[in-house]
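Working notes, structure below.
Just so we're clear, the structure is a prediction, and the values are computed from it rather than from any experiment.
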Amino acid sequence: MFLVFFIIACTIGLPVVGSLTFWPVHSWYDFYIPVVLFFGGFFGGIIVSFIVTFIASLGVNQKKERTKPGSWSYWWLHQGIKCIDWFSNIDCNVIGANKLPKNQRFVLVCNHRSNYDPMIIIERFSLKKIAFISKESNFKIPMVGRFMKGSCYQAIDRVDREEALKVIKKCTNFVQDGVMSIGVFPEGTRQRKEIIGQFHEGVFNIAIHANAPLVIAALKGTEKIAGRAPFKRTKVILKIIGVIQPDEIQNYTAKAISDLSRDLMIDFLSD
């Protein structure tokens with residue numbers, strides 16, 4: 001929350017300090033002074049935060065292959081996510097967080113309705129160190145792409161099957177070696193009309209081959225955030241529906257787990 005606190009400090013601090021020092025308020029008709037300083041502090045804090053974040057992102061080498069997340073990248077990525085979530089005015093109710101594995105890496109699958117989906121999951125479960133598999137275009141976003149790369153997020157090629165298999169193998173190693181948990185949206189893209197799309201079952205092989213727990217989660221309400229933020233609060237539900245333990249994973253094929261996960265999400269989303 002460092003960036004959020006910094007912006008709040010600028011927003012409150014500048015009108016207080018300015019009104020008492022360099023632009024003093026002498027009488028009641030000077031009321032506009034703290035108002036101007038208030039907005040100046042708010043937007044100034046955002047601009048300074050943006051510049052500092054941009055400079056910090058330049059220290060991340062995008063071409064370097066990561067075997068573990070860089071603490072610098074991971075910290076900045078999460079600060080940015082917390083800042084975006086705060087400004088977006090999200091009220092997230094997390095259900096079933098106690099089901100998450102405590103001392104081992106896992107694979108988390110979830111439905112996909114909005115660009116906010118990974119950010120909400122990452123912020124609420126930040127201590128679990130989850131890296132998402134994401135489309136390649138997200139890694140081209142200024143600053144964000146660099147921090148994602150430095151935090152072991154993986155870009156998957158939806159066209160080149162061979163390259164996609166390499167990403168799945170790498171993510172399997174991350175989970176197996178205890179480096180990171182992996183988050184995946186099996187639909188592959190956001191669903192705007194259907195309640196849930198068809199799943200790409202190949203991603204479930206990460207849990208099977210890593211012999212790791214599979215966490216089945218679902219989000220409800222995130223598709224409304226963009227139309228309401230920042231002035232109208234949006235209620236979102238993030239539920240951990242269930243966890244398939246490693247000793248159970250081996251009894252399933254990737255398709256069987258995919259179908260089970262999808263059915264459980266549909267039951268939750270249909271309520």
Side-chain angles (χ1 to χ4, degrees), residues 1-18 34-57 60 69-97 100 108 110-132 134 138-139 141-151 153 181 183 185 190 217-240:
M1 295 293 285
F2 170 77
L3 294 178
V4 173
F5 288 143
F6 175 76
I7 294 170
I8 292 174
C10 290
T11 304
I12 297 175
L14 189 62
V16 172
V17 174
V35 173
V36 172
L37 290 172
F38 176 87
F39 286 103
F42 178 74
F43 290 109
I46 292 176
I47 292 170
V48 171
S49 298
F50 183 88
I51 293 172
V52 171
T53 303
F54 175 74
I55 294 172
S57 72
V60 181
S71 55
W72 178 263
S73 300
Y74 192 81
W75 187 84
W76 274 103
L77 181 63
H78 281 252
Q79 291 302 314
I81 287 171
K82 289 177 181 178
C83 195
I84 292 171
D85 279 6
W86 181 72
F87 275 109
S88 298
N89 203 3
I90 301 169
D91 178 15
C92 183
N93 179 24
V94 181
I95 302 172
L100 289 174
L108 182 145
C110 186
N111 65 307
H112 198 13
R113 298 286 291 179
S114 163
N115 287 329
Y116 283 93
D117 296 344
M119 292 189 285
I120 288 173
I121 293 171
I122 291 163
E123 182 184 353
R124 272 67 190 182
F125 302 142
S126 61
L127 296 179
K128 297 298 182 179
K129 284 200 172 183
I130 303 173
F132 272 85
S134 183
N138 287 338
F139 289 82
I141 300 173
M143 298 182 288
V144 175
R146 286 178 176 268
F147 291 135
M148 288 172 64
K149 184 71 175 179
S151 300
Y153 286 58
S181 292
F185 297 110
R190 288 168 291 160
L219 276 163
K220 187 184 290 186
T222 56
E223 70 278 5
K224 301 175 183 177
I225 298 172
R228 297 183 177 186
F231 303 108
K232 193 171 182 180
R233 199 159 180 78
T234 304
K235 291 186 177 181
V236 171
I237 298 175
L238 169 57
K239 182 175 182 178
I240 303 301

> Stepwise, does the side-chain contact (heavy atoms from CB on, under 4.5 Å) test hold for Lys82 with Leu3?
Replying inline: CA-CA 8 Å; Lys82 289 177 181 178; Leu3 294 178; over 6 Å; no
> In Å, rounded to the nearest 0.5 Å, how long is the span from CD1 of Ile81 to OG of Ser126?
Replying inline: 9.5 Å
> Would you say Arg113's side chain and Thr222's backbone share a donor-acceptor pair under 3.5 angstrom?
Replying inline: no
>> Show the nearest heavy-atom pair for residues Ala218 and Asn111, with the distance to one decimal.
In response: CA-OD1, 3.2 Å
>> Please identify which of these residues, Asn89, Asp117, Ile120, meets the side chain to side chain contact (heavy atoms under 4.5 Å, CB included) condition with Ile225.
In response: Ile120
> Is there a donor-acceptor pair closer than 3.5 Å between any side-chain N or O of Trp72 and the backbone N or O of Ala56?
Replying inline: yes
> Taking all atoms of both residues into account, what is the closest heavy-atom pair of Ala131 and Ser151, and its distance?
Replying inline: CB-O, 3.8 Å
> Thr234 versus Tyr116: any side-chain heavy-atom pair under 4.5 Å?
Replying inline: no
>> As an exercise, state the distance from CG of Asn115 to OG of Ser88, rounded to the nearest 0.5 Å.
In response: 11.0 Å
>> To the closest 0.5 Å, what do you measure between CE (Met143) and CE (Met148)?
In response: 13.5 Å
> Should the ring pair Tyr74 and His78 be called parallel, tilted or perpendicular, given that the plane angle runs from 0 to 90° and is split at 30 and 60?
Replying inline: tilted
> Any side-chain heavy-atom pair from Ile141 and Asn138 closer than 4.5 angstrom?
Replying inline: yes
>> Run the side-chain contact (heavy atoms from CB on, under 4.5 Å) test on Asp85 and Cys92 for me, step by step, so that the C-alpha distance in whole Å, both residues' side-chain angles and the decisive distance to 0.1 Å come before the verdict.
In response: CA-CA 10 Å; Asp85 279 6; Cys92 183; over 6 Å; no
> Is there side-chain contact between Val52 and Trp76, with at least one heavy-atom pair below 4.5 Å?
Replying inline: yes
> Of the non-hydrogen atoms in Gly40 and Leu14, which two are nearest, and what is the gap between them?
Replying inline: C-CD2, 4.0 Å
> Could you walk me through whether Val48 and Cys10 pass the side-chain contact (heavy atoms from CB on, under 4.5 Å) check?
Replying inline: CA-CA 10 Å; Val48 171; Cys10 290; over 6 Å; no
>> Please find the pair of heavy atoms, one from Val60 and one from Ser73, that lie closest to each other, and give the distance.
In response: CG2-OG, 3.3 Å
>> Can you tell me how far apart CD1 (Ile130) and CZ (Arg124) are? Round to the nearest 0.5 Å.
In response: 12.5 Å
>> Using ring centroids (six-membered ring only for Trp), state whether Phe185 and Phe132 fall under 6.0 Å.
In response: yes
> Roughly how far, to the nearest 0.5 Å, is the SG atom of Cys110 from the CG atom of Leu219?
Replying inline: 4.0 Å
> Taking everything shown except Phe87 itself, do over 12 heavy atoms lie less than 6.0 Å from its CZ?
Replying inline: yes
>> Looking at every heavy atom in both Ile240 and Gly96, which two are closest together, and how far apart are they?
In response: CB-O, 3.3 Å
>> Can you tell me how far apart NZ (Lys220) and CG (Asn93) are? Round to the nearest 0.5 Å.
In response: 11.0 Å
